[in-house]
2 protein chains.
Amino acid sequence: MRLTPAMERYVLHWGEMGARWSVNRSVAQIHALLYLAPRPLTAEEIADTLAIARSNVSMSLKELLAWGLVQRTPVRGDRRDHFEALRDNWEILTRIVEERKKREIDPTLSILRACAMEAAADGQTAAETRQRIEGLLEFLETLSLWYDQVKGLPRPVLVGLMRMGGRVARFVPRARVAGKRRARGG
Amino acid sequence: MRLTPAMERYVLHWGEMGARWSVNRSVAQIHALLYLAPRPLTAEEIADTLAIARSNVSMSLKELLAWGLVQRTPVRGDRRDHFEALRDNWEILTRIVEERKKREIDPTLSILRACAMEAAADGQTAAETRQRIEGLLEFLETLSLWYDQVKGLPRPVLVGLMRMGGRVARFVPRARVAGKRRARGG
DNA sequence: AACGGGTTTCAGTAATTTCTGAAATCTTCG
DNA sequence: CGAAGATTTCAGAAATTACTGAAACCCGTT
């Protein structure tokens with residue numbers, strides 16, 4: 001398919017962005033192309049449009065399918081595979097976040113737990129260091145818990161929260177303000 | 001400085017994590033080391049501990065200083081530079097997010113605006129494609145606005161919100177629920 | 001079971017990124 | 001000013017990552 005200059009700019013930039021987040025350039029470009037394309041494309045069309053090898057397209061599509069960002073769509077009267085990107089921006093965002101959390105944050109939590117235990121037991125790691133590991137573990141666990149709760153909210157509620165911006169602050173109970181539980185009296 | 005096995009595990013893992021987020025391994029390892037170290041370290045100590053070249057340490061520290069994650073700390077009676085990592089986890093997180101937003105999200109917004117304008121004017125980009133670019137632009141602008149508001153909240157309020165988890169949903173006004181403004185009436 | 005269109009795999013090559021060591025520079029002190 | 005210690009720079013080496021093309025594979029059709 002023909003890329004208009006606007007599309008080309010978009011695709012190239014997306015490729016760069018991908019690279020900065022450790023998503024390989026071809027993968028990101030293909031994603032961008034499918035996201036923009038007004039109809040499902042075949043692997044070959046993708047290869048031609050982006051001027052990359054057919055085999056590269058194949059591997060990259062496999063990756064995108066694994067992330068759930070692209071799906072195969074059958075097209076009547078054509079036995080080639082056609083591919084189409086997920087279009088809902090919220091859905092795209094949550095898939096990416098979910099996947100990276102699973103691949104990176106969760107393993108990090110395990111390792112931190114292991115480090116914390118080992119440091120507590122080995123009798124040679126400085127107390128300060130131990131506390132730092134434990135503190136980070138706790139911090140990440142809190143964030144992770146928060147994320148698990150928020151991701152479960154219905155989409156419209158999420159959008160509503162977003163729209164409220166900083167105004168949600170109003171609803172944080174005084175007593176909950178960290179470290180201030182007993183502050184009223186003292 | 002001597003690394004205990006727990007520290008070594010932590011440092012190595014952090015290096016890997018860095019790599020997956022496009023932070024070079026040495027930079028991430030140095031950050032991890034300084035984060036754990038119970039006292040400020042000299043560049044040479046860092047190089048010895050991690051077994052990497054002195055010059056590499058120098059460049060990496062420069063990077064970490066630029067991110068504001070590490071600072072120089074003078075030590076009485078020693079004219080060498082000593083380095084120390086920022087310890088507050090919230091502060092670390094917000095610095096990283098802020099910096100990456102500035103370097104990656106903001107430029108992306110500019111480019112999307114340019115693409116949207118170009119696509120609207122060129123008379124050859126498919127209507128669907130134009131809408132997709134505009135939709136993404138709007139989506140990212142909303143997120144960006146939300147982030148700007150939330151990052152301005154005082155730390156204790158942020159922590160409070162986090163602790164509330166999904167319960168904040170309760171406070172989203174019905175009328176604000178997206179696309180439902182007129183839904184009450186039927 | 002052989003053909004043909006389509007797809008995937010993978011070994012080797014190309015490109016990119018990271019790291020090093022030698023040299024240059026800066027800084028402090030006598 | 002100049003020596004000694006400390007730091008930074010940078011060209012090239014090493015390591016990593018991405019990409020390609022040829023070959024293998026799959027699967028419906030005849």
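Atom set for the values below is all heavy atoms of this structure, side chains included, hydrogens, waters and symmetry mates excluded. Here the structure is a predicted model, which means the values were calculated and not measured. Labels below follow one simple rule: chain letters A, B, ... track the order of the sequence lines, proteins then strands, and each chain is numbered from 1.
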*With A/Arg20 as the cation and B/Trp21 as the aromatic partner, state whether NZ or CZ is under 6.0 Å from the six-membered ring centre and within 45° of the axis.*
no
*What residues in residues 64-86 of chain B put a non-hydrogen atom under 4.0 Å from any atom of DNA chain D?*
B/Arg72, B/Arg79, B/Arg80, B/Asp81
*According to a strict under-4.0 Å criterion, is A/Lys62 in side-chain N/O contact with OP1 or OP2 of C/dT7?*
no
*Looking at residues 15-26 of chain B, who's got a heavy atom less than 4.0 Å off DNA chain C?*
B/Asn24, B/Ser26
_side chain to side chain donor-acceptor pair (under 3.5 Å) against A/Ser58, all qualifying residues, sequence neighbours excluded_ = none
*Can you list, by residue number, the residues of residues 28-61 of chain A that have a non-hydrogen atom closer than 4.0 angstrom to DNA chain D?*
A/Ile52, A/Ala53, A/Ser55, A/Asn56
*Remaining members of the apolar cluster that contains B/Leu145, side-chain heavy atoms under 4.5 Å*: none
*asked:* Can you tell me if B/Glu44 has over 12 outside heavy atoms packed within less than 6.0 Å of its CD?
replied: no
_Test side-chain contact (heavy atoms from CB on, under 4.5 Å) applied to B/Ala32 - qualifying residues, sequence neighbours left out_ = B/Tyr10, B/Val11, B/Trp14
*Can you name the residues that form a side chain to side chain donor-acceptor pair (under 3.5 Å) with A/Thr73, not counting sequence neighbours?*
A/Glu84
*For B/Asn56, check side chain to side chain donor-acceptor pair (under 3.5 Å) against everything at least two apart and list the hits.*
B/Ser26, B/Ser60
*Look at the aromatic rings of A/Phe139 and B/Trp90 and report parallel, tilted or perpendicular, splitting at 30° and 60°.*
perpendicular
*Between which nucleotides of DNA chain D, 5' to 3', does chain A make heavy-atom contacts below 4.0 Å?*
D/dA18 to D/dG21
*Would you please name every residue forming a side-chain contact (heavy atoms from CB on, under 4.5 Å) with A/Ala126, sequence neighbours left out?*
A/Thr129, B/Pro38
*Within 45 degrees of the axis of the six-membered ring of A/Trp146 and under 6.0 Å from its centre: does B/Arg167 put its NZ or CZ there?*
no
_A/Arg25: partners by side-chain contact (heavy atoms from CB on, under 4.5 Å), with sequence neighbours left out_ = A/Glu16, A/Ala19, A/Gln29
_Sequence-distant partners of B/Asp48, side chain to side chain donor-acceptor pair (under 3.5 Å), two or more places apart_ = none
